[in-house]
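This is a predicted model, so every value here is computed, not measured. Position 1 is the first residue of the sequence; numbering continues from there.
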Amino acid sequence: MNYNPEKLKKYYEELPHGKPRMDGIKAAIEAADQNNDVPFRIFFREQMCHESCYYGDTMYMMVIFPEMLSIIDKYPDTPSTQFDSAYINALDHILWIYKWLISECSSFYQISMKDCLKFFEDYKKRSISFGYNLKPYYRALYHFYNFDDEKKAEAFYKFEKIPRDANSDCKACERNTEIEFYLDQDNFGRAVELSKDIEDFTLRCGDYWDAWLRMKISFLEYHLNNCMFEEATEIAGILERKINEKSEYQVWGTIMNCYVHTKPGRALRVYKKHWKDLEENTPYDLFNTSCNVCSFWDRINRDGKESVRLQLDRTMPLYNEDGIYKTKDLFNYYYNRAKDIAGKFDQRNSSGSYMEILAKSLDIARK
């Protein structure tokens, strides 16, 4: 069969997001490698990074991205393909995707602190050498230092002061970072003011709802963390109807944890429908999910419901054939998972912040 990168691209784009499309892109990568088609060796890997980051296993992006760097370092003047001609050359496109990688360093305790900072430093050097400023660098560094309030704030203020350039993230993404920061600082008024352009869709990112969903999730978490359960429930109800297929918006654990204080029956229905989705995340997302779900089961158990009937399958470690589960056992399953992940992140970060988050989540559940 003759090698045709255009047909390979058309083929995998017709496949469903997630593993099917990733398998299709993998076949395209193998074909480009066999034909030493350098522009498409890079382009198909960029496509894989996008698919794995937003719809599949994000860890795969962390593995395949260094392959792209190795190729571009060997062929530094590689042009863009006709499908990414908006970029100056292949390196320009890679720098854009590099932002996704450094933003995801905080999501994997498996990546050592040394390697995380090495990625950041390499991105910094490449950006400067290409003539770009460091606004995206400090934005990513702000998210990375979620375990260190001082370094986190320092990175944010540097990000905020630097003007935008051609490599900056979209305005809506930057605005959501500002909203998140001011909510974290308990400056609710400032966050609301900043959210107006996203609320009325003047500022958008990617698909129509993307920036709006990110903004709503930030406010959802703020209300929950401040025990404003009615306000959190209102946002949870809106989100439940609007969540799309991208993994970053699948905040079912947080939604359950909001509902359990006001609509426990609805919270349980969410768990029954989405329990399997709660098993498929990056370690960082899995930690947050586990915190929320163990808090949910803790609340259910403390409210006097000792057992519940669930239709789980054998992929769930607690599976039993009669379908009756003790709520205490369900709490222990998610709590122990959250505690295990927290310990690994805290060890990587030389911090105790993740265990503190878990303890706070349980404190809120007992309000």
For residues 307-319, dump all side-chain donor-acceptor pairs below 3.5 Å to protein atoms at least two apart in sequence or in another chain.
from   : atom 1 : to     : atom 2 : distance (Å)
Arg309 : NH1    : Asp322 : O      : 3.4
Asp313 : OD1    : Thr315 : N      : 2.8
Asp313 : OD1    : Thr315 : OG1    : 2.3
Asp313 : OD2    : Lys276 : NZ     : 2.7
Arg314 : NH2    : Glu321 : OE2    : 3.4

Evaluation steps, side chain to side chain donor-acceptor pair (under 3.5 Å), between Asp23 and Tyr12: CA-CA 8 Å; Asp23 288 343; Tyr12 67 67; over 6 Å; no
Members besides Leu224 in its Ile/Leu/Val/Met/Phe/Trp/Tyr cluster (side-chain heavy atoms under 4.5 Å):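 For the cluster that includes Leu224, the remaining residues are Phe229, Ile364.
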Checking [X] now: which residues fulfil side chain to side chain contact (heavy atoms under 4.5 Å, CB included) with it, not counting sequence neighbours?
| X | result |
| --- | --- |
| Cys294 | Phe331, Tyr334, Tyr335, Leu358, Leu362 |
| Ala31 | Tyr3, Leu8 |
| Ala236 | Leu220, Ile255, Cys258, Tyr259 |

Test your reading of the model: is there a side-chain donor-acceptor pair from Asn176 to the backbone of Ala211, 3.5 Å cut-off?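 It does hold such a pair.
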Do [X] and [Y] come within less than 4.5 Å of each other through their side chains, counting heavy atoms only?
| X | Y | answer |
| --- | --- | --- |
| Gln347 | Tyr109 | no |
| Pro136 | Lys99 | yes |
| Ser107 | Met62 | no |

Determine whether Asp165 and Lys135 satisfy the following criterion, salt bridge (charged side-chain N to carboxylate O under 4.0 Å, His left out), listing intermediate values before the conclusion. CA-CA 8 Å; Asp165 68 8; Lys135 192 174 185 68; over 6 Å; no
Pairs satisfying salt bridge (Lys or Arg N to Asp or Glu O under 4.0 Å), at least one member in residues 44-60, at least two apart: Asp33-Arg45, Arg45-Glu67
